Number of protein chains: 2
Amino acid sequence: MPAGTGPHVLRRINVVTVLTALREGGPQRVADLVTATGLSRPAVSRAIDTLRAEGWAEDADQRSGAGGEIRVGRPAAVIRFRSEAGHVLGADVGPHKILAMVSDLAGNVIAERREDTHRLRGGEEVLRALLRITTDVLAEAGVPAGDVLSAAIGSPGLVDTKTGTVTLAPSIPGWASIPVAAELRSLLACPLSVHNDVNLAVLAERWRGTATEADDLVFVQWGARVGAGIMIDGRLLRGTNAAAGEIGFLDLAEHRGPDGPHIVTRDTMGPFERQVGASAIIELALAEAERQGDARLRELMLRARPHDDVAALFDAASAGSALAESIVDQIAARFARGLAAACLLLDPELIVIGGGVSRAGARLLTVVERHLRRRTLVRPRLALSSLGDTAVALGATRSALDDVERRHLSPDALGASR
Amino acid sequence: MPAGTGPHVLRRINVVTVLTALREGGPQRVADLVTATGLSRPAVSRAIDTLRAEGWAEDADQRSGAGGEIRVGRPAAVIRFRSEAGHVLGADVGPHKILAMVSDLAGNVIAERREDTHRLRGGEEVLRALLRITTDVLAEAGVPAGDVLSAAIGSPGLVDTKTGTVTLAPSIPGWASIPVAAELRSLLACPLSVHNDVNLAVLAERWRGTATEADDLVFVQWGARVGAGIMIDGRLLRGTNAAAGEIGFLDLAEHRGPDGPHIVTRDTMGPFERQVGASAIIELALAEAERQGDARLRELMLRARPHDDVAALFDAASAGSALAESIVDQIAARFARGLAAACLLLDPELIVIGGGVSRAGARLLTVVERHLRRRTLVRPRLALSSLGDTAVALGATRSALDDVERRHLSPDALGASR
DNA sequence: TTAGTTACGAACGATACGTTACTAAATATC
DNA sequence: GATATTTAGTAACGTATCGTTCGTAACTAA
């Protein structure tokens with residue numbers, strides 16, 4: 001087996017070129033692939049032979065192709081990427097639910113399973129639930145475990161991507177330090193990676209969300225806690241210690257404890273989260289309602305408090321409560337200060353806001369934008385996440401697909417056997 | 001000329017492989033290149049022939065090679081990258097000086113010229129000085145203008161990289177909106193780009209400074225104004241509007257004007273700069289000296305004020321003045337808050353501090369680090385810039401070299417003629 | 001049934017690589 | 001001065017790839 005660079009390398013390059021064109025252009029004729037790749041027809045033909053032999057391509061049904069035009073002459077065979085040649089697993093282990101999905105290589109979700117985690121006690125139970133759901137979703141999809149080419153898991157907290165364990169996850173008691181990757185390897189023989197949930201969400205936003213085409217992108221998770229996923233040049237920014245995007249720990253207001261400034265630690269919530277997180281919003285609204293003697297808003301907020309359900313406040317603002325509106329304005333102003341830091345440092349094209357608070361809707365966006373404008377030199381677009389609570393699982397799927405592309409559909413891998 | 005992928009592409013790839021090995025490994029024998037590239041000897045020979053014909057390589061003097069061992073048998077011919085095959089120009093148009101340098105393709109600085117800009121009045125004069133210095137430094141290097149393959153200019157302020165004009169440069173009166181690139185094109189027929197000075201400094205730090213090997217890197221310019229250059233994965237983060245790293249506009253203390261929060265604009269200094277910039281340091285020291293009745297420090301600061309020369313304060317602190325020391329501590333605490341924002345968002349491996357204030361030395365670094373520690377989740381290394389005021393020009397050189405590598409020394413370009 | 005159109009595949013020449021073997025060159029050692 | 005040693009260069013051969021060209025297959029329409 002020659003190690004150097006010979007004609008076979010050329011072959012691989014061209015095979016991948018054809019495969020890429022096939023995957024991006026959908027089912028198409030040989031002639032289409034010829035123009036798409038710039039290769040000659042025999043070269044494309046040979047490449048297709050290879051792809052067929054390795055199971056990546058096959059002839060599609062004649063009529064399914066992009067025909068429809070003048071049907072004269074010998075009908076062209078339509079070649080199709082066999083997206084069912086392999087599958088990936090993407091899962092989201094969150095504070096409220098576990099969501100796992102199986103997708104094919106084109107990213108079509110074949111099956112998904114979801115389970116509330118409220119009554120689960122301890123990380124061991126969460127892990128067992130994850131294993132069970134994984135088995136179930138694979139069965140539902142009809143995919144044997146051996147056909148899974150890659151898997152990715154999203155989890156809140158800090159994640160050691162190398163070992164595949166969660167280092168710290170305050171929102172899921174007992175979840176940290178469980179060897180998730182190792183445990184799942186008993187089910188799946190494929191490569192498996194664990195990632196921070198917000199980082200996966202930003203992948204999903206760019207893949208299937210509001211952010212298609214944006215290369216410089218910040219996704220802000222705004223819920224009980226606040227975190228950001230950052231994408232630069234279409235690549236995820238993880239940071240040296242996998243701790244990039246920890247916007248929740250920004251200290252914008254010079255909080256002071258009894259002895260000097262507040263010390264930031266991982267075990268507690270950060271200063272910024274305490275200012276704009278869901279519970280901070282409720283508490284502010286409650287305090288203001290009491291101060292202003294607004295019994296109705298006070299009642300609403302008391303009812304919302306157990307679940308930190310901020311929707312009630314935004315509904316009140318929409319319904320015309322001037323007090324609620326002013327509270328929303330205050331919150332937006334605080335939030336904008338944190339966003340401004342990200343804008344000044346990163347100058348992103350787009351900021352997508354997700355998480356529980358973002359469900360307040362476009363109204364909140366407008367107010368935040370107004371405050372942001374006076375704090376930054378540039379004006380990035382703002383948008384709400386459109387993916388809901390599937391963002392993390394979708395991002396995990398995308399991450400697994402990326403892994404498959406690197407390992408199976410790249411020049412280094414393809415045709416290496418022959 | 002076939003557009004597709006054929007054996008000739010293979011050829012180019014291998015020629016570039018050999019060239020890269022030659023450039024990275026220094027002058028070496030053919031046998032060394034064979035092991036370095038994994039190609040066969042005939043293939044390497046052919047590639048060298050091509051490189052020789054195109055002027056990129058030649059035989060070196062026998063003894064200059066990495067010999068020194070047993071000198072038995074036919075002495076090996078040593079092949080050398082002809083770093084003199086082309087040159088690049090890097091220039092820094094700063095508030096105090098213009099510095100231009102000519103380097104060969106290996107990055108060796110052949111000649112440099114520097115000129116104070118204090119007595120220059122208006123952007124037109126600065127431009128004329130730049131053109132003159134450019135001509136001079138080329139003459140001194142003995143490089144005809146036609147041999148310059150690429151040029152890059154660094155300027156403070158905001159730069160439109162596409163058109164090559166400076167949009168805003170408060171520190172050089174009249175400099176903005178002068179079409180620098182267009183004017184220089186009358187001297188140089190090569191591609192020419194204009195960049196923000198701090199962005200170039202971060203390139204230089206990674207190339208020749210303290211930051212070699214660090215892929216995630218922040219360079220903070222701490223002088224009269226404050227800005228940052230950000231490198232992620234070894235690539236410069238410019239931002240969608242070329243406005244990334246504007247750390248000087250961070251508003252950490254909730255400054256309030258008469259009607260609401262301060263509005264950030266490009267024409268003025270940013271909130272963070274006003275807190276920790278050189279003049280803020282002097283003013284703080286002066287106020288404290290008066291408040292505490294320290295006549296000596298007051299005198300020192302009054303003398304330092306015209307040029308915002310902060311060295312005097314740090315000297316006093318080193319000399320044992322408790323008051324000066326406490327002022328340094330206050331400044332470091334403020335500065336650490338801004339750094340913390342960058343750390344939380346980016347999680348860099350290393351932060352390099354440059355600019356006038358950084359000349360205070362390692363002492364300042366230690367204090368900043370102490371304050372930073374309690375504000376971040378991770379602890380990046382801190383370092384002082386070792387490049388002094390040549391950083392921007394060196395970075396411009398590096399940027400021009402990158403351009404040459406892309407345009408002349410890549411598979412797309414090399415051997416395209418034959 | 002025939003003509004026209006389109007797609008596919010085989011044959012050919014050009015070019016590249018790797019392997020192998022041989023020659024040429026330059027120096028040290030005897 | 002002859003020999004051994006080490007390296008570079010070159011030529012021949014086999015293999016593999018590409019692009020070009022041309023013949024054949026398949027299908028529609030008259």
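Naming: A, B, ... by sequence-line order, numbering from 1 per chain. Since this is a predicted model, take the numbers as computed values, not measurements.
Using a 4.5 Å heavy-atom threshold, the side chains of A/T397 and A/W207 count as touching.
The side chain of A/R29 lies closest to C/dA7 when the candidates are C/dA7, C/dC17, C/dC8. Comparing atom distances between the A/L39 side chain and each of D/dA16, C/dT15, D/dG19 picks out D/dG19 as nearest. When the nucleotides C/dG18, D/dC18, C/dA10 are ranked by their closest atom to the side chain of A/P42, C/dA10 comes out on top. Proximity note for A/A76 (side chain, C-beta onward) versus C/dA7, D/dT17, D/dG9: the nearest is C/dA7.
Under the 3.5 Å distance criterion, the side-chain polar atoms of B/R82 are matched with a main-chain donor or acceptor of B/G55. Side-chain atoms of A/S83 do not come within 3.5 Å of backbone N or O of A/A106 as any donor-acceptor pair. Not one N or O on the side chain of B/E349 forms a donor-acceptor pair closer than 3.5 Å with the backbone of B/L217.
Between A/R46 and D/dT17 there is no side-chain polar atom (N or O) within less than 4.0 angstrom of OP1 or OP2. OP1 or OP2 of C/dC17 lies within a sub-4.0 Å distance of a side-chain N or O belonging to B/N14.
The separation between B/R52 atom CZ and D/dG9 atom C1' is 10 Å, rounded to whole Å. Between the CG atom of A/D59 and the C1' atom of D/dA26 there is a distance of 15 Å, given to the nearest Å. Atoms CG (B/D49) and P (D/dT10) sit 7 Å apart, rounded to a whole Å. To the nearest angstrom, P of D/dG19 lies 18 Å from CZ of B/R11. For A/I48 and D/dC18, the CD1 to P distance is 12 Å, given to the nearest whole Å. Atoms CG (A/L33) and C1' (C/dT6) sit 16 Å apart, rounded to a whole Å. Rounded to a whole Å, the CG atom of B/L10 is 11 Å from the P atom of D/dC18. In this entry the distance linking CG of A/D32 with C1' of C/dA7 reads 12 Å, nearest Å.
Along DNA chain C, the nucleotide nearest to A/I79 and the one nearest to B/S40 differ in position, and the one closer to the 5' end is contacted by A/I79. Each of A/A43 and B/V30 was matched to the nucleotide of DNA chain D holding its nearest heavy atom; the match closer to the 5' end belongs to B/V30.
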Test side-chain contact (heavy atoms from CB on, under 4.5 Å) applied to B/L149 and B/H87, step by step: CA-CA 6 Å; B/L149 298 181; B/H87 293 86; over 6 Å; no
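Side-chain atoms of A/R41 come within donor-acceptor range of the base of C/dG9, with a qualifying N/O pair under 3.5 Å.
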